[in-house]
Trainee: 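Quick one: structure below, then a few questions.
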Amino acid sequence: ENANYNVAQAYKVLKMLKDLRNERKAILTELQYLEEMVSYFDCEAMHNAYSYCLELIERVTDPTVEGTLTDELTSVTA
């Protein structure tokens with residue numbers, strides 16, 4: 001604020017401000033696109049699918065459960 005800039009320094013400062021303004025504008029545009037995309041997501045369905053996948057992983061990796069997942073898969077394909 002209290003600095004005395006020569007022409008070259010002032011040009012660099014103005015260029016930096018312009019670049020930052022353009023970057024801010026690009027970020028705001030991208031944020032607007034993301035907000036529109038997020039509005040179309042069904043978060044509950046995504047949560048249910050994620051939970052289902054976690055349950056499958058736990059059943060596959062659980063050594064105490066034998067054959068249940070394999071039996072389910074063969075009954076589905078039959």
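Computed from heavy atoms alone, side chains included, the values below leave out hydrogens, waters and symmetry copies. One-based numbering along the sequence shown. This is a predicted model, so every value here is computed, not measured.
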Trainee: With side chains defined as the heavy atoms from C-beta onward, is the minimum distance between L28 and Q32 less than 4.5 Å?
Mentor: no

Trainee: Between S51 and H47, is there a side-chain heavy-atom distance shorter than 4.5 Å?
Mentor: yes

Trainee: How about K25 and R21: do any of their side-chain heavy atoms sit closer than 4.5 Å?
Mentor: no

Trainee: Just how far is it from atom CG of D19 to atom CG of L14, taken to the nearest 0.5 Å?
Mentor: 11.0 Å

Trainee: Is there a donor-acceptor pair closer than 3.5 Å between any side-chain N or O of Q9 and the backbone N or O of N6?
Mentor: yes

Trainee: Is the CD atom of E30 crowded by more than 12 outside heavy atoms at less than 6.0 Å?
Mentor: no

Trainee: Evaluate the side-chain proximity of E23 to I27: yes if any heavy-atom separation is below 4.5 Å, no if none is.
Mentor: yes

Trainee: If I take atom CD from residue E35 and atom CG from residue L31, how far apart are they, to the nearest 0.5 angstrom?
Mentor: 4.0 Å

Trainee: If you measure from OH on Y11 to CE on M16, what distance do you get to the nearest 0.5 Å?
Mentor: 13.0 Å

